[in-house]
Amino acid sequence: MNSESPREACGLFGVYGIPDAAGLIYQGLFALQHRGQEGAGMVVSDGQKVRSQKALGLVSEVFAMTDLAELPGHLGIGHVRYSTTGSSRPQNVQPLVAECIDGIWAIAHNGNLTNARSLRQMYQEAGAIFQTSTDSEVLTHLLADPMYRARPRRVSRALNELKGSFAFLLMTKNCVMAARDPLGFKPLCIGRKGDGVVFASETCALAQIGAEYVRDVAPGELVVADETGLHSSLFSEPVPGKCSQCVFELVYFARPDSMIFGESVHAARCALGRRLAGEHPIQADVIVPVPDSGNSAALGFSQQSGIPMNYGFIRNHYVGRTFIMPEASKRSGSVDMKLAVVPDVVKGKRVVIVDDSIIRGNTSKRRVAWLRKAGALEVHLRIASPPAMHPCFFGIDFPTKEELIASQRNVEAIRDYLGADSLGYISLEGLLSPFRSKVDYCTACFSGDYPVDISRVQGKQALEDYSPMLNLDGAVKTSK
Ligand code: SF4
C-alpha cells in the first residue's frame, strides 16, 4: 500500500464474562493497532463500577501495566482510533462515556454516520450539550432521549435512526452489545473464550487472546452479551441484494491473518494477484511487493506468472504507518523513511512492483524512481485493485476526488506520470472474482456506484464548527 493511501477508521474489541477484561482488551487492541494509531481507550466494568482510560497515542503508549491493574472487571470495550469525522484531539478518543439517568453507557464506533450533523443539530436546538466533534456522540443522545428510553428495544430504535456505516460496541455496567449497520459496511465478529464472549473488528484479535471465531455479527443485527447469555435480534430487516461490505477491507485494511466477511484476507489477496497476472501478463525477472499489504498479491502474481518474487523493498518497522497519520504534512514528512530499496534485488533486472492501490500517485512515482536509481532495467507496476476514482463517504478517509490521480487521468497518462514502463490495474470484475458473493460488496471508490444517497454527506471536519471550545490538551482519564 502506498503511504498516500486512504486511511482506516477504527478498531473495536470487547469482552463479556472473562476475568481481567482489561488485559484481554489491551491485547486485542494491540492486534488491531493497524486500524488506527491516533488514540486508544477502554472502558471496563466489574458489574458495579465503570472505569475508563483513554488518550491520544498508540496502545502501548496509552496503557501501562499499572493502568490495567486499576481497571478491574469482567466486561469491557476498547477502541483504536483514526479520525474520519472530528479532528485528532483527546476529547474525541473513544470509547465515549455518557452518564444517563439510568446509568452509564459507553460506545465505541467504526464507520461514518452520514446523518450525524442533522441529528446533532436537532439535539442542540433542544438544549443538549456535546462534548466531542465526533459523529459517534449522537448515539449517546439517542440512547438518553426519553422518547427511546421509555420504550422496549431502546437500543434497536436508536440504531434505526442512524444512517451511513457503523459497527458499534456498546456497554453498560453489566452488559456488552455489538451491532452492524444494515448494509454491513464494517466488519465485526463474535468469538468465544471459555464461557466468555468476545467481539472484534477482525479475527486476528480473537487469535491474539486465544479466542475461537464463532461468526460475524450480521448486517442489521444487535447482539447482547449479559448474565443470561448471548441474545440476538435484528434492529433492521436485511434487504435482499442490499449488502455493501467494504471491499477495501479485503484489498488493504485488514491484516492478512484475519477472516473478513467470511473470506481469508491472505487467500483473497493471493487470488487477486493471480488474476492480475492473468489480466496483465508481463515478461520480467523479479516481482517486488510493496510491503506489507502488497505481499500476498505479489505472491499470487508470482505463482501465476512463474516470475520469482523477492524483497526489493524493505520496510522500516519503527516508522509508523504513514498513511494513518491524518495530516498531509506528517505523511509527506515521513514517507521516505518507511521503505528502502535493496539494490542487489533489482539491479540489472526487469522489475514488477505489485501494490494494492494507487491513490494520489506521488508515492508510487517516487518508488519507481528509486528502483531506476538502484539500477533496475525496467519498472512495471501491477495494482491489485481498479483505478480509485471516487471518494469514500463511509468511514474511510479518502482524499477528495480532485486528489485521486485516476479521477484526473487515464491509465496511460498515469503510467506516464509515474514514469513506469507499463501499468496494469485489475478489472472491477477481477476484483470481485475471488469472493463467494460478487454482489455483497461496496465498490463505490472504484465504480462510483454508491450504495446510499451521498448528496447530503459532510466531510471529516463537518462537526468541528459545532464545538469550537474543545481544543484542550492532555489525556482523558475518568473513574466512575
Ligand atoms: S467507497 Fe470504497 S473504501 Fe468506502 S466503503 Fe466503499 S469500497 Fe470501502
Side-chain angles (χ1 to χ4, degrees), residues 1-2 4-12 34-36 82-85 109-114 116 135 162-168 180-188 201-202 216 219 241-255 258 260-261 263 265 268-269 272 293 321 323-324 326 355-360 383-407 425-435 437-460:
M1 164 60 86
N2 294 296
E4 63 191 19
S5 299
R7 277 80 64 191
E8 178 50 85
C10 297
L12 310 177
H34 60 288
R35 298 183 69 87
Y82 176 83
S83 56
T84 54
T85 303
H109 175 210
N110 175 23
N112 187 40
L113 304 177
T114 55
D135 57 338
L162 303 176
K163 295 189 169 34
S165 66
F166 59 84
F168 270 113
R180 259 176 96 197
D181 71 69
L183 294 180
F185 281 100
K186 300 295 172 187
L188 190 59
S201 293
E202 296 183 29
D216 285 2
K242 283 286 274 181
C243 189
S244 300
Q245 301 167 127
C246 171
V247 78
F248 233 114
E249 289 276 354
L250 285 155
V251 169
Y252 165 66
F253 293 121
R255 254 175 51 168
S258 285
I260 290 290
F261 309 137
E263 304 280 354
V265 174
R269 290 179 189 166
L272 290 174
S293 52
R321 291 178 77 173
F323 74 88
I324 218 149
D355 204 352
D356 55 88
S357 60
I358 298 176
I359 303 299
R360 294 180 181 84
I383 308 301
S385 61
M389 294 189 281
H390 308 275
C392 173
F393 300 100
F394 310 118
I396 305 300
D397 191 21
F398 253 64
T400 63
K401 188 172 175 70
E402 293 68 36
E403 292 174 297
L404 294 168
I405 191 169
S407 78
Y425 291 89
I426 200 168
S427 64
L428 192 56
E429 186 189 359
L431 175 69
L432 296 171
S433 63
F435 311 134
S437 165
K438 314 295 181 211
V439 296
D440 287 341
Y441 289 95
C442 174
T443 59
C445 45
F446 308 116
S447 63
D449 185 11
Y450 290 98
V452 297
D453 179 16
I454 55 157
S455 57
R456 299 179 66 189
V457 173
Q458 306 287 330
K460 172 178 174 176

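Just the heavy atoms: all of them, side chains too, but no hydrogens, waters or symmetry mates, feed the values below. Each ligand, and each atom within it, is numbered from 1 in the order the structure gives. These numbers were taken from a predicted model, which means no experiment stands behind them.
- No salt bridge links Arg269 with Glu263; every basic N to acidic carboxylate O contact stays at or beyond 4.0 Å.
- With contacts defined as side-chain heavy-atom distances shorter than 4.5 Å, the pair Phe435/Phe261 does not qualify.
- Applying the ring pair (Phe, Tyr, Trp, His ring centres under 6.0 Å) criterion to Tyr425, with sequence neighbours excluded, gives no partner residue.
- How far CG of Leu188 is from CZ of Phe166: 11.0 Å, rounded to the nearest 0.5 Å.
- Judged by distance alone, with hydrogens and angles left aside, the side-chain atoms of Asp356 form no donor-acceptor pair with the main-chain N or O of Val251 at under 3.5 Å.
- Under the 30°/60° scheme for interplanar angles, the aromatic rings of Phe446 and Phe248 are found to lie parallel.
- Ordered by chain and number, Cys246 SG make up the set of protein N, O or S atoms under 2.8 Å of atom 8 (Fe) of ligand 1.
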